[in-house]
Amino acid sequence: MRQPFPTLDEIEAMAEQAYAGLPEAFRALCGDIVIRVADVPADDALDALGLASPYDLLGLFQGIGMAHAGATPWTGQMPNMIWLYRKPILAYWQETGDRLEDIVSHVLIHEIGHHFGLSDEDMERIEAEAGP
């Protein structure tokens, strides 16, 4: 019998476990960041990024990154959020055969990098310099 795919709650639990495993000093810099999981990205997020398929986006940082934030938050400012997208993550998992927990952790850390103001190119360079 085939096991069902992990639920939204199970992916969120993997993300929370990955976040809890990060160094405390790193988590402290993240502040009150909120981690959420949805099946697919919203159409407005895809449109803003110029993406045609929801499977082109595994995660998204939404908010004001540290590099652009002021010393005090604006009144009524929503918390910074990291979105992880279950169906695209599961599709990637099936394609690669990588451990699902590793994929969730990688996407989470990548989106935290955007919170710190790093671009995709910055993170690719850092990963390449870190090596295998």
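- When all heavy atoms of Ala18 and Leu108 are compared, the pair lying nearest together is CB-CD2, 4.0 Å.
- Judged purely by atom type and a 3.5 angstrom limit, Glu111 has no side-chain atom pairing as donor or acceptor with the backbone of Ile82.
- To the nearest 0.5 Å, the span separating CD1 on Ile89 from CG on Leu57 amounts to 9.5 Å.
- To the nearest 0.5 Å, the span separating CD on Glu95 from CG on Leu90 amounts to 11.5 Å.
- The closest side-chain heavy-atom distance from Tyr85 to Tyr92 is not below 4.5 Å.
- Without hydrogens or angle criteria, Ser105 side chain to Glu101 main chain gives no donor-acceptor distance under 3.5 Å.
- Atom-to-atom distance recorded for Asn80:CG and His114:NE2 is 13.0 Å, nearest 0.5 angstrom.
- Atom-to-atom distance recorded for Ile11:CD1 and Leu100:CG is 4.5 Å, nearest 0.5 angstrom.
- Side-chain atoms of Gln17 and Tyr19, non-hydrogen and from C-beta on, never get closer than 4.5 Å to each other.
- Checked by atom type and distance alone, the side chain of Trp93 never pairs as donor or acceptor with a backbone atom of Arg99 at under 3.5 Å.
- With sequence neighbours left out, the side chain to side chain contact (heavy atoms under 4.5 Å, CB included) criterion links Glu10 to Pro6, Thr7.
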With a 3.5 Å cut-off and sequence neighbours excluded, list the donor-acceptor pairs that the side chains of residues 25-54 form with protein atoms.
unit_1: Arg27; atom_1: NE; unit_2: Leu22; atom_2: O; d: 3.1
unit_1: Asp39; atom_1: OD1; unit_2: Arg86; atom_2: NH1; d: 2.9
unit_1: Ser53; atom_1: OG; unit_2: Tyr55; atom_2: N; d: 3.0

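- Classification of the His110-His106 ring pair by plane angle, with boundaries at 30° and 60°, yields tilted.
- Of all heavy-atom pairs between Leu84 and Ala15, the closest is CD1-CB, 3.5 Å.
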